[in-house]
Q: 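Dumping the structure here so I can ask a few things about it.
Worth saying up front: this structure is predicted, and the values here are computed from it rather than measured.
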Amino acid sequence: MTDHDRVEGAAKNMGGKAKEAAGNLTGDEKLKAEGKADQFEGKVQNAVGGVKDALRDDKRH
């Protein structure tokens with residue numbers, strides 16, 4: 001079972017990529033920066049979920 005943080009983190013990362021791309025297209029530096037920040041947050045959240053998954057798997061064995 002995948003941890004909720006991994007799913008949410010992946011979604012936040014993808015949303016951040018879309019924001020960054022929109023910022024690039026429109027020349028909006030603020031939107032571009034927000035997209036990069038969202039991607040970073042998503043990657044961190046995904047990593048936290050991975051650790052939770054690993055700990056859960058270790059408890060089962």
Q: Just verifying a value: how many Å separate Lys36 NZ and Glu41 CD, rounded to the nearest 0.5 Å?
A: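 Between atom NZ of Lys36 and atom CD of Glu41 there are 15.0 Å.
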Q: Does a side-chain N-to-carboxylate-O contact under 4.0 Å join Arg6 and Asp3?
A: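 Salt bridge flag = no for Asp3 with Arg6.
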Q: I need the Glu34 CD to Glu29 CD distance, nearest 0.5 Å.
A: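 Reported to 0.5 Å precision, the distance equals 12.0 Å.
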Q: Of all heavy-atom pairs between Gly23 and Leu31, which one has the smallest distance, and what is that distance?
A: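 Minimum heavy-atom separation between Gly23 and Leu31: N-CD2, 3.7 Å.
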Q: Rounded to the nearest 0.5 Å, what separates atom CE in Met14 from atom CD in Gln39?
A: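 Atom-to-atom, Met14:CE and Gln39:CD are 9.5 Å apart.
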Q: Measure across Asp38 and Gly16 and return the closest heavy-atom pair with its distance rounded to 0.1 Å.
A: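 In terms of heavy atoms, the two residues are closest at CB-CA, 3.7 Å.
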Q: In terms of side-chain geometry, is the basic nitrogen of Glu20 or Lys17 positioned less than 4.0 Å from the acidic oxygen of its partner?
A: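 No, no charged N to carboxylate O under 4.0 Å.
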Q: From Asn13 CG over to Glu8 CD, what is the distance, rounded to the nearest 0.5 angstrom?
A: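 Between atom CG of Asn13 and atom CD of Glu8 there are 12.5 Å.
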